[in-house]
Every structure is written in C-alpha cells, then in structure tokens.
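A short write-up of the structure that comes next.
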Amino acid sequence: QAQLVESGGGSVQAGGSLRLSCAASRFTYSRVCMGWFRQAPGKKREGVAVIDTGDGRTTYRDSVKGRFTISQDNAENTVFLQMNSLTPEDTAMYYCAAQDPIVAGYCYLLEGQYNYWGQGTQVTVSS
C-alpha cells in the first residue's frame, strides 16, 4: 500500500510563491503518475499538475500554465510543485495523488484514475 506525505503549504500574499513536496513510498510499479489536485471550499476537486515518473511528461491545467512547475526527484521518490505568481483563486487544499499502475498510458488530470491520495496541505493566498 503506497503512502503519500505532503508538505509545504502555507499562507502567502498575492504574487508570492510556495513550493509543495510529496514524498511517496511503497509503489508497486517503478513508473507511476504523480501530481497535485486541489479543492477550494464549495467547489469540486480539480487537477492541477501531474507528471509521469517514467519519462517526465507533464500535464497542467490551463489556469496554472506558466506559473506552476511540477518536477520530481526519482532518487527520493518525491514530487514538487513550485507555485509562482499566486492569486487568491489558487487558495485551496492541495492533495498529492498517485496512479499506480498507470491505467491509460498517459497521465491525465482525471481524479478517478488516481488510487492513492495524501492528507492534503492548505494553501491560502491573500489579496
């Protein structure tokens, strides 16, 4: 049973930056999808960015392209989300997720395809 542990959330003013980390353990397969979803109060959970740990391909939601960067440290089984130019609309609980094994051959931002989830870390951006 894989485990995901997030860290790095917090509060920041608009225009600021935060870096989230997700440390993973006990995956069955060496190649998985890992990434980040978020849920704001009263809204549905949405995909933010994911990465294929095998080839490094990334997928981002449109609203974060150019501001957020997902990366990985394979040696440490850790995925990072660097978030720059944050806006109040980015305020949400951010969840690390993993898909092990990869079901569709590509890492999509589809919540239902992810079978492991972290506890979440809060990101709050004030104006």
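Along the sequence shown, residues are numbered consecutively beginning with 1.
At least one side-chain heavy atom of Asp90 sits under 4.5 Å from a side-chain heavy atom of Arg67. Using a 4.5 Å heavy-atom threshold, the side chains of Thr59 and Tyr108 count as separate.
Atom OH of Tyr29 sits in a sparse spot, with 12 or fewer heavy atoms from other residues, nucleotides or ligands closer than 6.0 Å.
At a threshold of 4.5 Å between side-chain heavy atoms, the hydrophobic network of Ile, Leu, Val, Met, Phe, Trp and Tyr places Leu81 and Tyr116 in one connected group. Residue Val125 is not grouped with residue Met93 when hydrophobic side chains (ILVMFWY) are merged at heavy-atom distances under 4.5 angstrom, including chains of intermediate members. No path of Ile, Leu, Val, Met, Phe, Trp and Tyr side chains, each step under 4.5 Å between heavy atoms, connects Val64 with Tyr95, placing them in separate hydrophobic clusters. Using a 4.5 Å cut-off between side-chain heavy atoms of Ile, Leu, Val, Met, Phe, Trp and Tyr, with links allowed through other members, Val48 and Val50 fall into different hydrophobic clusters.
Under the salt bridge (Lys or Arg N to Asp or Glu O under 4.0 Å) criterion, the residue pairs touching residues 21-33 are Arg31-Asp52, with sequence neighbours excluded.
Ring-plane geometry between Phe37 and Tyr114 is classed as perpendicular, the angle between the planes exceeding 60 degrees on a 0 to 90 degree scale with a lower cut at 30.
Expressed to the nearest 0.5 Å, how far CZ of Phe80 lies from OG of Ser7 amounts to 8.5 Å. Note that the SG atom of Cys33 and the CD atom of Gln113 stand 7.5 Å from one another [nearest 0.5 Å]. Here the OG atom belonging to Ser11 is positioned 11.0 Å from the CG atom belonging to Leu86, to the nearest 0.5 angstrom. One distance of note links OG1 of Thr28 with CD of Gln1; it measures 9.0 Å at 0.5 Å rounding.
Taking every heavy atom of both residues into account, Asn84 and Gln82 meet most closely at OD1-NE2, 2.9 Å. When all heavy atoms of Asn115 and Asp100 are compared, the closest pair comes out as ND2-O, 2.9 Å. Minimum heavy-atom separation, Val123 to Leu18: CG1-CD1, 3.8 Å. Looking at every heavy atom in both residues, Leu109 comes nearest to Ala49 through CD2-N, 3.8 Å. Here the shortest heavy-atom pairing between Trp36 and Ser21 reads CH2-O, 3.4 Å. In terms of heavy-atom proximity, Leu4 sits nearest to Phe27 at CD2-CZ, 3.9 Å.
With hydrogens and angles disregarded, no donor-acceptor distance shorter than 3.5 Å links the side chain of Arg45 to the backbone of Gln39. Side-chain N or O atoms of Thr124 include none that pairs as donor or acceptor with a backbone N or O of Thr91 at under 3.5 Å. Thr53 places a side-chain N or O within 3.5 Å of a backbone atom of Val32 that can act as its donor or acceptor partner.
Figure legend: cation-pi geometry between Arg57 and Tyr106 absent, as NZ or CZ is not positioned both under 6.0 Å from the six-membered ring centre and within 45° of its axis.
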With side chain to side chain contact (heavy atoms under 4.5 Å, CB included) as the criterion, how do Leu20 and Glu6 come out once you've worked through the C-alpha distance, each side chain's angles and the decisive distance to 0.1 Å? CA-CA 7 Å; Leu20 306 182; Glu6 304 112 328; over 6 Å; no
Evaluate Trp117 against Cys96 for side chain to side chain contact (heavy atoms under 4.5 Å, CB included), listing each step before the verdict. CA-CA 6 Å; Trp117 294 86; Cys96 181; over 6 Å; no
Evaluation steps, side chain to side chain contact (heavy atoms under 4.5 Å, CB included), between Arg38 and Glu46: CA-CA 5 Å; Arg38 68 187 181 187; Glu46 60 186 20; 2.7 Å; yes
Output, in order, the C-alpha distance, side-chain angles, deciding distance and verdict of side chain to side chain contact (heavy atoms under 4.5 Å, CB included) for Cys107 and Ile102. CA-CA 7 Å; Cys107 297; Ile102 298 177; 4.3 Å; yes
